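What you are looking at is a predicted structure, and each value in this text was computed from that prediction instead of being measured. Chain A is the first sequence line, chain B the second, and so forth, proteins listed ahead of strands; every chain is numbered from 1.
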Amino acid sequence: MTGGIGAQIRPTRLSAMPELSRDEVRHLADLARIDLSDAELEHLAPQLNVILESVASIQGVAGPDVPATSHPIPMTNVFREDVVVPGLTPQQALAAAPAQEDDKFSVPRILGDEQ
Amino acid sequence: MTETLIDFDEVLEKFDPAMGLEVHVELNTNTKMFCGCPAVFGGAPNTNVCPTCLGLPGAMPAVNAKAVESAIRIGLALNCEIAEWCRFARKNYFYPDMPKNFQTSQYDEPIAFEGYLDVEVEGETFRIEIERAHMEEDTGKATHVGGSTGRIQGADYSLIDYNRAGIPLIEIVTKPILNTGAKAPLVAKAYVSALRDLVKALGVSDVRMDQGSMRCDVNLSLAPKGSDKLGTRSETKNVNSLRSVERAVRYEMSRHAGILLSGGSVLQETRHFHESDGTTSSGREKSDAEDYRYFPEPDLVPVAPSREWVEELRATLPEPPAERRVRLQADWGFTDLEMRDAINADAIDLIEETVAAGAAPQAARKWWLSEISRRANEAGVDLVDAGVSPAQVAEVQKLIDAGTLNDKLARQVFDGLFAGEGTPAEIIEKRGLALVSDDGPLLAAIEDALAAQPDIAEKIRGGNVKAAGAIVGAVMKATRGQADAARVQQLIVERLS
Amino acid sequence: MSWIHRTAAEQAAALASGEVTSVELTQAHLDQIAATDGELHAFLHVDAEGALAQARASDERRKAGNPLHELDGVPIAIKDVLTTEGLPTTAGSRILEGWIPPYDGTVTAKIKAAGLPILGKTNMDEFAMGSSTENSAYGPTRNPWDHDRIPGGSGGGSAAAVGAFQAPLAIGSDTGGSIRQPGAMTGTVGVKPTYGSVSRYGVIALANSLDQLGPCTRTVLDSALLHELIGGHDPRDSTSVPNAVTGLADAARAGAARDLNGLRVGIVKELQGDAWNADVVERFDESVALLKEMGADVVEVSLPSFVHAMAAYYLILPAECSSNLAKFDAMRYGRRVTPEGSPSAEEVMKVSRDAGFGDEVKRRIIIGTYALSSGYYDAFYGQAQKIRTLIIEDFKKAFEQVDVLVSPTAPSTAWPIGEKADDPLAMYLQDLATIPANLAGVPGISIPSGLSSADGLPTGIQFLAPVLEDARLYRVGAALESALFEQWGGQITPAAYAPKGAN
């Protein structure tokens, strides 16, 4: 047999494939809170497009009649009784904190409003 | 920034308001939504935390059965459908008070949906349609250090306590509330009030708006009168009292109208409400493009409440507050006005308990709505926190009915109760407040008064019974109010006839 | 033969008979680590003191006649993806440098409760993203067979440690092949259990719906023993299946009798072709011939949706990991990088995450962020979840025809370090055969199938079984292993690490 999966995974240009511009990559990085430098953008953006092209092959493969699977082993109603179990001490909780004060986590000034 | 505010009546001439209310109810479960930490907020910082609610690497959530049960009961009480199958989803956004930088919530599969709650405003009933009620978790609590105001803006840094992180929340979202016109602010208030009563009756939350266990976000938009297209909305966050709900709606209506009438367009944003002056100020710009990248929580499996379970829970629902009020009004024989006053004063439960403790309904109403309300207002606390229990009120009333106290003395007993001097009986004892029931001392006082005012004695003898009032007054004064005035009157008449 | 060259089962038997103490065993492995790990770099953290203390406690239990478990006293290594209270846990990432968890993952707790001394934490691709262990922020692990080559990944550390006799047992994690593929690259055995049959509590999640912990060992029986120890229901993992998978060691022992009569084996049609190197296929075909000799009924079966498995995987995984890794923001733990001036929390998060994450992590976070965005969700993440359904259906149909499926574990043998470092797609192709099992939740095992005629490096063969039928893997795996060992005269061992006196 020739071809096989390996051959199919390699990108074959799809006309419908969205190409991520550098600005779009920067926007996604902002959403993900990663401060990409220009050099990183230069480096990563083409790689991202190669990956996206290869995964875009699945578009339209499964129709509306195919249900989505979010868990490989279907289960429902897994609950915990409403009973207190011991947790961490404040010392344990704060042990790895980059900064702390008065048994609270100290974080730099927050710009945005809470949601 | 100064806002151009339009007079409320003028707003109504030109615009129709549309509201959407999002209410978060903190459940009173023993443990948090997804871990076994106590669902208690307010203790020493970071004492009720574990790897899960701190979002430590590797930790996983596990759903609190009781929280699901409470969510279903709230849904049923709001006449909702209960999902046959629904999932938790992750709402992804970064914020330091959120340990995982996503909130585990529900997205397009809420546990309860399509319900309603009827509320009454000035004799008119409004059906508030419920879009959904879903389960989610609360965030931690940040305090802002430095800067002038202690607010987030201008702070040097912030300190975070995660005790609140993961406490179960039920978010109840209405469909757009239309056609309320001038009553919009009152309808909003009435809805939140009715919702609070309903949740309280279910026993699943403290629903204390002042303590944050019930929080309301008010969405408001204006459309030109007669237009069926909704305007751009603002979302006023954390409006934390019934009065504030009403004020926030009123203020936003005036503010939106000011913008629209000057040719501007309303910014889709969140707003902060300020209790001090009833205004709102700009918060975070919110666009439809805001992207929370929801997807099903892969660490949890779907919730599929069986219909048997749902029916079992339906059977546990308490009497709906509206029906209960009709029943109580009939039982108590209150007029509509009396009932409305009692409702507005948040005194229904208190009166009910007082009556249950043996007092007549009218007497219970009288004490709670006059003497005790006055004192609660002076102290700036809710009636329930005024410092007197229904049992004590019933006991005082019992003493009045037995002739041991009159109203005037009873007020002094309340003084003692508010001052924490003990039980009514102890206060009467300590303060020497009981009515003089022995005729001997009364007759002696009457003799003294008649001797001091012979002309009055003459008038009474001459058949002017009204003149006896002056002698009664003198006797009351001599006994420092501890005489039964009716008995004194009777003794005077007997003495002089 | 020295103690370290014996299997875990043999070491356990020697402990039980009093032939050796746990302290001796543990010290022997620590010595091997000290002698070889400067070059190999299989470990990120070695806990000699802790392991010896546990070994002493184990010996005391033995002496008192109260061992906690069959494997009590046999040392083990744990992939750095699983939390260990008091021992650093970094998941191979700079952003977690120095983090010491305040709690044990469930599998850690089970290992401690069974009395196995924990030697240390093994190297891995950062957050388990990779197929070569080159993405570790702390430097690559080398392949015991050739120090210039990769040991596979992401669990190259665990596989190399076992392959180089630094540990008889190791814990790995398999999201798309991270236990099985390093097994193939290092000539060791690796098992990905049925999804949900081993607790994920304490596993630093890569892709929650795909991740599964499993054993890394040198023999099938050792994997079975470790698998039985770590498996079972855990209320702290809501995706945990209710009943433990059992009978694994029994299946391995039974399999060693090499009777596969009645076993139906399906060769996956879609896992053949140009992508598979001829030297790998050569060894694969020989193994299949051995299966037939032992009585197995071998047929070819088609699982047509496999062609979409990799694309679905590289959407689901980045989507889940983009969300999982959001917690690494330098606010509560982890390395905080504070830029000049008076930066905001938002800026500190961005700078810390940029400094703390490597390229592959950034790539996957960005792809995942994209795949979950509202405009693309249906086209990407939603579609990938549907592919998952199709793949599950393919497995169901295939397992109506056969008892187990078989394929080469990986398309090639170990490649030189650096060769694919900047070609993510080439790296992704390594997981072609292993990914479908993770998407469907089915169990899989990789065992050595021999050495390549082209480069002398190990090749691997993979078996897949239906959900919860992990025992089948041990039966067929042990049978083939036994037949191969007979051909080879024992395990295949890298020359540099072979027992003295062996060939």
Side-chain angles (χ1 to χ4, degrees), chain A residues 1-11 18 20 24-25 28-37 40 43-44 47-48 50-52 54-63 66-73 75 78 80 88 92-99 105 107-112, chain C residues 99-100 102 195-196 209 235 238-239 241 270 272-275 306-308 310-312 314-315 322 329-333 336 343-346 348-351 353-354 357 359 362-363 365-367 369-370 379-380 382-390 392 411 424-425 429 432 439-441 467:
Chain A
M1 179 177 162
T2 56
I5 295 182
Q8 297 195 25
I9 295 302
R10 280 291 172 186
L20 287 178
E24 285 168 313
V25 174
L28 291 168
D30 279 346
L31 263 182
R33 291 275 193 278
I34 300 174
D35 188 33
L36 287 187
S37 65
E40 278 184 296
H43 180 65
L44 293 177
Q47 295 177 340
L48 293 171
V50 170
I51 297 167
L52 271 182
S54 74
V55 297
S57 65
I58 64 163
Q59 289 186 72
V61 165
V66 178
T69 294
S70 54
H71 295 85
I73 313 289
M75 292 194 290
V78 175
R80 168 180 64 78
L88 300 173
Q92 287 177 308
L94 288 150
F105 293 84
V107 305
R109 64 196 172 86
I110 302 169
L111 281 184
Chain C
W99 184 60
I100 298 178
Y195 181 82
S209 70
S238 297
T239 62
V241 296
E270 285 73 17
Q272 303 174 48
D274 291 351
F306 271 28
V307 295
H308 303 297
M310 214 185 82
Y314 277 102
L315 286 166
S322 71
D329 64 359
M331 295 294 115
R332 291 158 297 280
Y333 48 80
R336 181 182 289 183
S344 65
E346 289 82 348
V348 171
M349 284 183 191
K350 284 181 72 175
V351 171
R353 286 165 64 80
D354 184 52
F357 291 147
D359 277 357
K362 289 174 190 169
R363 280 191 287 264
I365 288 176
I366 290 170
I367 295 280
T369 303
Y370 178 73
F380 288 111
Q383 187 66 208
Q385 299 279 45
K386 290 180 170 204
I387 300 291
R388 206 164 176 177
T389 307
L390 297 178
I392 290 171
L425 214 56
L429 285 167
L432 279 181
L439 289 171
V467 159

Check whether any side-chain N or O of [X] sits under 3.5 Å from a backbone N or O of [Y] as a donor-acceptor pair, and report yes or no.
X: C:Arg353; Y: C:Asp329; value: no
X: A:Gln47; Y: C:Arg363; value: no
X: A:Ser37; Y: A:Glu40; value: yes
X: C:Arg388; Y: C:Leu439; value: yes
X: C:Lys362; Y: A:Ile34; value: no
X: C:Gln385; Y: C:Gly382; value: no

With chain A as the partner, which of C:Gly441, C:Pro102, C:Ser344 has the greatest number of non-hydrogen pairs under 4.5 Å?
C:Ser344
Checking heavy atoms, do the side chain of [X], its backbone, both or neither come under 4.5 Å from chain A?
X: C:Ile100; result: neither
X: C:Ser322; result: neither
X: C:Val348; result: side chain
X: C:Ala379; result: both
X: C:Pro424; result: side chain
X: C:Ile366; result: both

Taking every heavy-atom pair that is under 4.5 Å apart, which of [options] has the most such pairs with chain C?
options: A:Val107, A:Val78, A:Ile58; answer: A:Ile58
options: A:Leu31, A:Val66, A:Leu36; answer: A:Val66
options: A:Leu111, A:Val25, A:Ile110; answer: A:Leu111
options: A:His71, A:Gln92, A:Met75; answer: A:Met75

Is it the backbone or the side chain of A:Ala95 that comes under 4.5 Å from a heavy atom of chain C, or both, or neither?
neither
Select one option (side chain, backbone, both, neither) describing which atoms of A:Leu88 are under 4.5 Å from chain C's heavy atoms.
side chain
What is the minimum heavy-atom distance between A:Leu52 and C:Ile367, and which atoms define it?
CG-CD1, 3.8 Å
Do C:Asp359 and A:His43 make a side-chain contact, defined as non-hydrogen atoms from C-beta onward lying under 4.5 Å apart?
yes
